[in-house]
Chemist: 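The structure's right below; bear with me while I get my questions together.
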Amino acid sequence: FQLETGSAKTVFEPYVEPLSDSNNPTFSGSGAFIVSYFDEISLDDILGTHIMAIDDIDGDISDQIMIESDEYTANMTTVGSYLVEMFVTDNAGNTTTFNLTMIVKDEVAPLIVGPDEIEINIDNIKMINDIIAEYYTGVDGYDSLVPVILKTDGYTENTDTIGTYQVELEAEDSSSNSILRVIEVNIVDTSLPQMTGNNNLSVYLSNPKDVTTLLSELIIYDNYDEYEDLVITPINDTYTGNEDTLGNYYVDFLVEDTSNNVANFRMNLEVKDDIKPEISGPESLQLSYIDTMPLDDIINLYTVSDNYDSLQNSDISIESNEYHNRTEPIGEFDIVLSIFDESNNKSSITLTITVIDDQGPVIYIDDYIVNVSTSSSFSPRDALLMMINNKEIPNGDYDVETLLDEYSGNEEVPGTYSYKVLIKDSEGKEITKDLMIKVTNPEQNDFDANLIIRNLVSYSIVSIVVILSIIKYRKITD
């Protein structure tokens with residue numbers, strides 16, 4: 001093979017390095033979007049019209065926007081601020097994230113529903129707040145019902161004078177939209193004398209009263225006349241003479257003002273027994289845990305009596321009985337005995353029974369052994385989590401204080417060490433726990449060193465092997 005010499009020069013193209021896309025795409029659009037709670041604008045509509053993703057190589061890649069998290073869609077009719085997290089990835093794998101804050105607002109004021117005028121009788125004056133509560137309601141498109149409050153009050157200081165008075169009301173919703181409304185309260189006159197208050201009275205055997213005393217407890221008034229100008233006359237009286245006898249009675253009165261307006265009033269009276277029965281007997285006993293005293297024998301230790309009714313020991317009831325329902329063999333246990341008379345007056349007495357153990361002492365052991373490897377550690381927080389997981393205490397917030405710690409400083413020294421913690425809950429209740437920490441040197445596992453290094457570089461997580469086993473001692477009774 002032989003090259004021929006020619007006259008034409010060799011032609012070649014310059015080498016061009018392939019393009020590399022390393023730039024992230026960008027989002028355009030506001031980071032916040034405000035809507036009304038009744039608009040119900042979907043997230044797709046917002047993304048389609050207000051959020052775009054542009055890449056310098058791929059161009060408009062808005063159709064590749066992906067939603068990573070969406071707090072808005074489920075709350076588009078609920079006032080508040082909601083985060084929407086999104087991202088977009090170009091064809092080269094470059095990814096950009098974007099956070100959109102959706103603000104849902106209520107800017108519509110509520111309404112105060114009710115009449116423009118209210119008529120109030122001068123002998124039946126109502127408090128202004130009662131009038132508002134009875135006649136007026138605050139309604140809102142978002143909050144449904146909102147409170148109506150008093151803004152200005154020309155009525156209250158003139159409740160003893162006939163006339164028309166203005167009252168200004170205000171309603172405000174949870175978004176601080178408010179409305180004011182002025183109403184008129186008309187105070188009008190009636191002519192009959194009145195007796196207010198409860199006309200059904202109880203008279204107790206412990207404090208008997210005559211008709212004159214009961215009459216003084218009534219509130220009798222006229223719309224314009226003073227009390228001393230009224231004439232009050234009993235006309236029917238079934239009570240007098242029966243003050244000490246249980247039953248129902250009545251007294252009818254006539255009340256006349258200076259204008260000869262006469263009103264009738266009936267006072268209903270009930271004579272009641274309010275004197276408690278008596279129960280007497282021991283308040284404490286000491287018994288052996290071997291023999292349980294029968295309940296009937298305990299009841300027979302007591303005597304009962306009453307001022308009005310005839311009672312006997314069979315009327316005694318047991319309100320609570322820790323003694324016969326006890327789950328522990330020894331300790332102090334209460335029995336609450338009660339007696340009721342026919343008027344349901346009640347007396348109670350508490351009998352505290354001390355049950356003693358006369359059969360020798362009992363030793364209780366209630367410790368934990370905690371095994372901890374030399375490559376791990378044990379902290380007061382671990383003791384708290386251990387007790388929560390074992391359901392010794394409910395899950396909650398606690399303060400943990402170390403009372404005894406032979407373990408610290410010996411974390412890498414095999415052996416058994418005493419450890420005691422004090423755990424206090426949010427209400428100040430305290431629990432102490434004794435632990436025995438056993439430090440052991442577990443067998444070493446073979447690991448791929450290169451894998452460990454890769455994991456350290458990739459995830460920056462230090463792997464810690466903790467061997468924690470809890471062995472509950474059984475209670476031993478000698």
Side-chain angles (χ1 to χ4, degrees), residues 9-107 142 175 373-377 379 381-382 385 388-389 395 442-468:
K9 295 183 179 180
T10 301
V11 178
F12 60 90
E13 294 290 335
Y15 173 76
V16 178
E17 184 178 354
L19 293 176
S20 175
D21 182 4
S22 61
N23 294 328
N24 291 337
T26 60
F27 280 89
S28 66
S30 173
F33 196 88
I34 300 175
V35 296
S36 293
Y37 73 92
F38 51 79
D39 289 339
E40 298 188 25
I41 300 176
S42 70
L43 188 58
D44 289 340
D45 292 339
I46 296 171
L47 292 179
T49 57
H50 298 279
I51 304 297
M52 295 182 64
I54 305 298
D55 185 72
D56 55 358
I57 299 298
D58 301 328
D60 186 350
I61 57 173
S62 300
D63 59 351
Q64 300 181 38
I65 295 175
M66 304 296 292
I67 302 301
E68 185 169 355
S69 66
D70 176 12
E71 297 177 353
Y72 165 71
T73 299
N75 297 285
M76 65 174 60
T77 60
T78 304
V79 172
S81 178
Y82 307 101
L83 178 64
V84 177
E85 297 177 313
M86 59 191 74
F87 68 91
V88 66
T89 303
D90 63 16
N91 292 332
N94 301 305
T95 299
T96 298
T97 60
F98 183 76
N99 291 340
L100 173 64
T101 300
M102 294 297 301
I103 301 174
V104 181
K105 300 179 69 176
D106 170 21
E107 298 179 313
Y142 179 77
S175 297
S373 70
T374 56
S375 60
S376 305
S377 64
S379 68
R381 197 67 185 172
D382 295 327
L385 293 175
I388 291 175
N389 291 334
N395 194 4
E443 295 180 0
Q444 301 297 322
N445 296 324
D446 292 330
F447 296 93
D448 185 340
N450 293 329
L451 179 59
I452 294 175
I453 294 173
R454 286 198 301 272
N455 288 337
L456 289 173
V457 173
S458 301
Y459 305 103
S460 299
I461 298 175
V462 178
S463 298
I464 302 174
V465 178
V466 178
I467 303 173
L468 182 61

Chemist: Compare all side-chain heavy atoms of T73 with those of Y82 and state whether any distance is below 4.5 angstrom.
Modeler: no
Chemist: Between atom CE of M66 and atom OG1 of T97, what is the distance when rounded to the nearest 0.5 Å?
Modeler: 14.5 Å
Chemist: Taking atom types as modelled, is there a side-chain donor on D60 or S62 under 3.5 Å from an acceptor on the other?
Modeler: yes
Chemist: Quick one: pull up CE in M52 and CG in L47 and give me the separation to the nearest 0.5 Å.
Modeler: 12.0 Å
Chemist: Using modelled atom types and a 3.5 Å cut-off, is there a donor and acceptor pairing between side-chain atoms of N94 and backbone atoms of D90?
Modeler: no
Chemist: With sequence neighbours left out, write down each residue that passes side-chain hydrogen bond (donor to acceptor under 3.5 Å, both in side chains) with E85, or none if nothing qualifies.
Modeler: S69
Chemist: Look up atom OH in Y72 and atom OG1 in T78, then write down how far apart they are to the nearest 0.5 Å.
Modeler: 10.5 Å
Chemist: Could you tell me which non-hydrogen atom of V104 sits nearest to which non-hydrogen atom of S36, and how far apart they are?
Modeler: CG1-C, 4.2 Å
Chemist: Mind checking whether F27 and I65 have side chains closer than 4.5 Å, heavy atoms only?
Modeler: yes
Chemist: For Q64 and D58: C-alpha separation, side-chain torsions, deciding distance, then whether side chain to side chain contact (heavy atoms under 4.5 Å, CB included) applies.
Modeler: CA-CA 11 Å; Q64 300 181 38; D58 301 328; 5.8 Å; no
Chemist: Apply the test side chain to side chain contact (heavy atoms under 4.5 Å, CB included) to residues I46 and I41: give CA-CA distance (whole Å), side-chain angles for both, the deciding distance (0.1 Å), then the verdict.
Modeler: CA-CA 7 Å; I46 296 171; I41 300 176; 3.7 Å; yes
Chemist: Sequence neighbours left out, what passes side-chain hydrogen bond (donor to acceptor under 3.5 Å, both in side chains) with D106? Give chain and number order.
Modeler: none
Chemist: Do the side chains of T96 and T26 get nearer than 4.5 Å, heavy atoms only?
Modeler: no
Chemist: Is it true that a side-chain atom of S42 and a backbone atom of D45 form a donor plus acceptor pair closer than 3.5 Å?
Modeler: yes
Chemist: Any heavy-atom pair between the side chains of M86 and I51 that's under 4.5 Å?
Modeler: yes
Chemist: Which value, rounded to the nearest 0.5 Å, describes the distance between L43 atom CG and M102 atom CE?
Modeler: 7.0 Å
Chemist: So, does S175 use its side chain to make a donor-acceptor pair with the main chain of E107 at under 3.5 Å?
Modeler: no
Chemist: Does the plane of the ring in Y37 sit parallel, tilted or perpendicular to the ring in Y142? Use 30° and 60° as the thresholds.
Modeler: perpendicular
